[in-house]
Structures are given as structure tokens and as C-alpha cells.
Amino acid sequence: MTDTNTTTKARGSTGLSRRRFTSLLLASGVSAPAILRASGARATDSVKMAALLDLSGGLDIYGRPMLMAMEMAVEEINATGGLNGKPLELITYDTQSNMQLYAQYAQQAALQDQVDLVHGGITSSSREVIRPILNRYNTLYLYSTQYEGGVCDRNTFCTGTTPAMTSKSPIPYTIDMWGPKFYSIGADYNAPRIMSDWSRTFGEQAGGEQVANDFFPLNVTEFGALITKIQQARPDFVCSALIGAAHLGFYRQWAAAGMLSEIPIFSFTFGSGNEHMMLPPEESEGIITPCSYFQEIDSALNRDWVSRYHARYGDDAPYQNNVSIGGYEGTWLWATAVRNAGTAEREAVIEAMEAGTSWTGPGGTLTMNAANHHSSRDIFFGRCTGGAWEPFHTWENQQPSDTDGRCDLIANPGQNVQFGAE
């Protein structure tokens with residue numbers, strides 16, 4: 001996921017209290033210290049997956065619902081026979097939104113607990129702490145959140161969306177719907193800049209024009225001058241990659257200026273932190289975003305999953321979005337590869353993944369790309385309506401073109417690099 005050092009707990013049904021969360025953990029057999037065991041006493045013949053997630057600290061709003069999604073996947077896998085006759089054991093570490101603990105626990109998972117897979121990392125910075133450690137100790141790594149794209153590493157598999165996946169089709173669609181001129185804004189760090197670069201690339205290919213490109217530190221809350229600049233530029237739409245609680249100020253001030261009905265907003269990031277539940281509906285009405293998942297997706301698989309999720313965790317369980325659902329999807333995709341391989345051994349699972357392991361769940365079908373170790377997947381266009389998401393268009397089987405033609409881990413298994421936008 002794109003990095004941010006500011007988060008705000010969502011109001012209403014997304015506000016899962018720490019006491020409620022602890023009770024949910026205890027109910028599922030998980031204790032609350034920094035290192036947690038999610039399936040009782042560790043069996044010597046189990047397959048082991050480590051979850052490195054922020055369950056406390058500033059990023060726990062992402063980590064806690066992601067753990068819930070992982071737990072559901074583990075329970076379902078074990079209820080359907082486990083992995084090649086062995087139970088799947090989930091060992092969960094609370095990294096406490098602390099990069100030092102990511103390094104410590106990645107090493108502990110690989111060397112002490114000798115897990116078969118490490119699944120986790122929320123921000124890109126946490127991923128880049130984990131990756132070299134797990135490479136060093138030959139422990140397979142799965143990263144399943146939305147991120148800036150470009151990672152090319154044989155030991156790493158990415159199942160979340162990348163900017164090219166949410167730009168290549170959605171940007172031309174938006175240009176056809178609203179017009180060719182767009183004004184890009186975003187948080188001032190690597191990921192939003194890469195998102196902006198891809199939107200320009202695909203926008204120009206569709207006959208569009210990025211008329212401006214402005215970035216703001218994460219602590220900026222006042223956007224009056226920016227709004228004036230946008231009004232003067234008169235774009236057909238705003239393309240936003242703003243992040244975090246402080247940047248909610250833009251959406252509030254945009255609505256207060258009466259601009260929601262004047263110049264519409266396309267956003268890569270709105271909703272990833274459940275921002276649509278933090279703002280009153282009148283301040284987010286009509287914002288559109290391309291995502292890999294909305295709880296409102298109208299499919300039998302998704303309706304069933306949402307029902308089971310709330311039956312498992314209660315009506316006040318956090319809204320599952322395109323970041324947290326990765327805990328469920330990624331676990332199941334890896335488990336499918338383990339079943340296909342007949343073993344959880346690293347090389348065999350890599351080969352099974354590279355053979356095109358595929359799995360279908362509440363967000364559609366994920367299929368692993370052999371050359372770049374990213375999964376293709378469906379992308380849904382959602383419109384914020386009345387404080388909820390209304391999916392209105394779907395692109396099936398969108399490819400991770402961020403690394404296409406540049407990352408080939410079959411021909412060059414020693415590649416270990418992160419590519420930027422073309």
C-alpha cells in the first residue's frame with residue numbers, strides 16, 4: 001500500500017475498538033501480545049504462514065481488518081482439508097507500525113519459526129524492509145496490498161493492484177466520460193508521483209492532457225490556494241492521489257466551495273483508508289475510484305463472503321476494502337499453489353505460481369503472471385453515493401503492465417529491482 005504516516009479511525013461501523021478487537025482475537029484463538037498464534041499449539045507437521053501486520057500504532061486501521069481476512073482464509077483452508085493433508089498454522093506478529101519490528105520479526109519468522117511463507121507488510125517501506133531479509137533466508141514472501149508497482153523479485157509475489165492496472169483502462173474511460181483535460185494532485189512521495197506518471201502516460205495515449213501536477217506533504221490541511229489554481233485551469237476532472245487524514249481537508253474544502261458539482265473527481269486512493277466513511281456523504285458524493293474490491297460488488301460469491309465475514313466478526317466489523325481484502329485473496333492464491341505443487345517447499349511453490357496459479361473469490365479471479373510475479377485481476381469502477389460505493393463498470397483480467405516487458409523472472413531469475421513508470 002502507498003505509504004502514509006497519518007491515519008484516522010473511520011467513524012460509524014468502521015470504528016472497531018481495541019477492546020472489541022481483542023475480544024474477536026480471543027474468540028478466534030488468538031492472544032494479544034506482539035507475537036500471536038492463530039491456531040492453537042503449533043503442530044510440528046503443520047504448514048506455517050507468518051502474518052507481519054500493524055495491529056497497533058498509526059497503521060492498525062489497515063492491519064486489523066487485514067488480519068481478520070487472513071484468519072477467515074486460514075479457517076476455510078483448514079475446513080477443506082488443509083494443505084496436502086497438513087493444517088495451515090497462522091503465526092501473527094504485531095509490527096506496531098514500526099519498521100524496526102518489521103526487520104526483527106521477518107528474521108524471527110524465517111529463522112526461529114521457519115515459516116513456509118511470510119504474508120504481510122502494509123506500506124511500501126515495510127515491504128522494502130522485509131524483502132531483502134526474506135531473500136537472504138530463502139523464505140517466500142507475499143505482498144497483497146495496493147502499491148506503486150514495479151517490484152521484480154523471484155522470491156516475492158504481489159497480488160494487489162498497481163497503478164498501471166488502475167490507469168490503463170480507467171483513465172481513458174474517464175476521459176470519454178468527462179473530457180480530456182485533467183489536473184493531477186497527490187501526496188508528495190514516491191507512490192503518488194508514480195501514479196501520476198502512469199495517469200499521464202495512459203491519458204496521453206487516449207488523447208488526454210495532464211494540465212498540471214501538484215504534490216503536497218502529508219501534513220498539509222489547507223488547500224484553498226490549490227482549489228483556486230484548479231478553478232483557473234478549468235480541467236474536465238481532477239485526478240487525485242491524496243493520502244491520509246490531513247488530506248481529507250481537500251475534499252471538505254472542495255465540497256464547501258461548491259466544486260463537487262462543477263469539476264468531478266477521479267481518485268486512485270480515495271476509499272483505501274475508508275475515507276468515504278470518514279466524510280459526510282455530501283462531501284464525497286460522485287467521487288469515482290478504480291479498485292480491486294468493494295464490499296458492495298453485486299455477485300453471489302461476494303454477497304456470500306460479506307455475509308460470512310459479518311457472521312464471523314459481527315455487524316460492527318470494519319469495512320473490507322481493496323487493501324484489507326488482500327489478506328484473504330493472497331492467502332487463498334498461495335494455498336492453491338501449495339495444493340497444486342503437492343508441497344509447501346519454496347521452489348516447488350514458486351514453480352506452481354509461475355505455472356499460472358489462479359483462484360476466484362469475492363473480488364473476481366486472480367491469476368499469477370509467470371514473468372513478473374504479479375497477479376492479473378478484475379478492476380471495478382466505483383462511484384461514491386450516499387457514503388457508500390456503487391460499482392458501475394468492470395474490467396476483467398487487467399494485467400500488471402507496470403513490469404511487462406521489463407521484468408522477466410523466467411529468463412532472468414536473478415533480477416531484483418523496482419521499476420518506475422515508463
Side-chain angles (χ1 to χ4, degrees), residues 1-2 144-150 158-180 182-187 191-206 208 210 235-243 251 264-276 284-299 302 319-326 329 361-366 374-385 388-402 404 421:
M1 194 194 80
T2 53
S144 60
T145 75
Q146 172 193 22
Y147 86 112
E148 74 277 10
C158 301
T159 60
T161 58
T162 65
M165 298 169 76
T166 53
S167 293
K168 187 174 184 178
S169 297
I171 287 289
Y173 186 101
T174 304
I175 287 172
D176 286 344
M177 182 170 56
W178 286 340
F182 58 98
Y183 194 119
S184 291
I185 59 176
R193 288 183 176 274
I194 292 174
M195 292 176 188
S196 178
D197 288 343
W198 280 113
S199 66
R200 181 178 64 251
T201 295
F202 292 119
E204 289 175 351
Q205 290 177 8
Q210 186 183 71
D236 295 302
F237 65 97
V238 171
C239 185
S240 171
L242 295 173
I243 299 287
Y251 300 105
I265 296 175
F266 167 107
S267 177
F268 292 112
T269 51
F270 191 85
S272 294
N274 291 337
E275 290 87 351
H276 65 296
S284 61
E285 192 71 18
I287 294 174
I288 62 173
T289 189
C291 274
S292 60
Y293 181 76
F294 297 104
Q295 266 193 201
E296 294 87 348
I297 292 171
D298 188 18
S299 71
N302 184 55
Y319 181 94
Q320 286 284 332
N321 59 34
N322 63 312
V323 173
S324 56
I325 194 69
E329 296 174 329
T365 298
L366 285 71
H374 288 67
S375 60
S376 62
R377 57 179 310 136
D378 298 345
I379 299 296
F380 302 89
F381 227 159
R383 180 181 290 106
C384 204
T385 304
W389 289 107
E390 178 189 10
F392 65 92
H393 191 80
T394 304
W395 294 275
E396 295 182 352
N397 194 34
Q398 294 299 287
Q399 300 296 319
S401 56
D402 311 65
D404 277 354

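Scope of the values below: all heavy atoms of this structure, side chains included, with no hydrogens, waters or symmetry mates. What you see is a predicted model, and the numbers here were worked out from it, not measured in a lab.
Between Thr365 and Asn397 the shortest side-chain heavy-atom distance does not fall below 4.5 Å. Using a 4.5 Å heavy-atom cutoff, the side chains of Tyr319 and Glu296 are in contact. Contact check for Tyr251 versus Ser240: side-chain heavy atoms found under the 4.5 Å cut-off. In this structure, Phe381 and Thr174 have side chains that are in contact, with non-hydrogen atoms separated by less than 4.5 Å. Side chains of Ile325 and Pro362 form a contact here, defined as non-hydrogen atoms less than 4.5 Å apart. Taking 4.5 Å as the limit, every side-chain heavy atom of Ile265 sits out of range of all side-chain heavy atoms of Phe270. Taking 4.5 Å as the limit, every side-chain heavy atom of Met195 sits out of range of all side-chain heavy atoms of Ser167.
Checked against ring-ring contact (aromatic ring centres under 6.0 Å, His included), Trp389 has the following partners two or more places apart in sequence or in another chain: His276, Phe294. Not counting sequence neighbours, Ser375 has no partner by the side chain to side chain donor-acceptor pair (under 3.5 Å) test. Checked against ring-ring contact (aromatic ring centres under 6.0 Å, His included), Phe182 has the following partners two or more places apart in sequence or in another chain: Phe237. Residues passing the side chain to side chain donor-acceptor pair (under 3.5 Å) test with Ser184, sequence neighbours excluded: Gln210. In this view, Asp197 and Arg200 satisfy the salt bridge (charged side-chain N to carboxylate O under 4.0 Å, His left out) rule, not counting sequence neighbours. With sequence neighbours excluded, no residue forms a salt bridge (charged side-chain N to carboxylate O under 4.0 Å, His left out) with Glu275.
With hydrogens and angles disregarded, a donor-acceptor distance shorter than 3.5 Å links the side chain of Gln398 to the backbone of Glu396. Side-chain atoms of Thr162 do not come within 3.5 Å of backbone N or O of Gly149 as any donor-acceptor pair. Of the possible donor and acceptor atoms, none in the side chain of Asp402 sits under 3.5 Å from a partner among the backbone N and O of Gly150. The closest donor-acceptor contact from the side chain of Ser267 to the backbone of Thr289 lies at 3.5 Å or more, if one exists at all. The closest donor-acceptor contact from the side chain of Thr269 to the backbone of Leu242 lies under 3.5 Å. Judged by distance alone, the side chain of Gln146 and the main-chain N or O of Phe268 form a donor-acceptor pair under 3.5 Å. No donor-acceptor distance shorter than 3.5 angstrom exists from the side chain of Tyr147 to the backbone of Gly160, with no hydrogens or angles considered. Under a 3.5 Å cut-off, the side chain of Ser196 and the backbone N or O of Arg193 do not form any donor-acceptor pair.
Less than 6.0 angstrom separates the ring centroid of Tyr173 from the ring centroid of Trp395.
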Checklist entry - What do the steps show when you test Cys239 against Phe266 for side chain to side chain contact (heavy atoms under 4.5 Å, CB included), and what is the final call? => result CA-CA 5 Å; Cys239 185; Phe266 167 107; 3.7 Å; yes
Checklist entry - Yes or no on side chain to side chain contact (heavy atoms under 4.5 Å, CB included) for Ile287 and Arg383, after CA distance, side-chain angles and deciding distance? => result CA-CA 6 Å; Ile287 294 174; Arg383 180 181 290 106; over 6 Å; no
Next on the checklist: Set out, in order, the CA-CA distance, both residues' side-chain angles and the distance that settles side chain to side chain contact (heavy atoms under 4.5 Å, CB included) for Thr385 and Phe392, then state yes or no.
Outcome noted: CA-CA 11 Å; Thr385 304; Phe392 65 92; over 6 Å; no
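For the residue pair Glu329 / Thr159, no side-chain donor-acceptor distance below 3.5 Å is found, with atom types taken as modelled.
A side-chain hydrogen bond (donor to acceptor under 3.5 Å, both in side chains) with Tyr293 is found for exactly one of Asp378, Asn302, Asn322, Asn321, namely Asn302. Between Pro170 and the options Pro290, Cys291, Ser199, a side-chain contact (heavy atoms from CB on, under 4.5 Å) holds for only Pro290.
The distance from the NZ atom of Lys168 to the CD atom of Gln205 is 7.5 Å, given to the nearest 0.5 Å. Note that the OG1 atom of Thr394 and the CD1 atom of Ile297 stand 7.5 Å from one another [nearest 0.5 Å].
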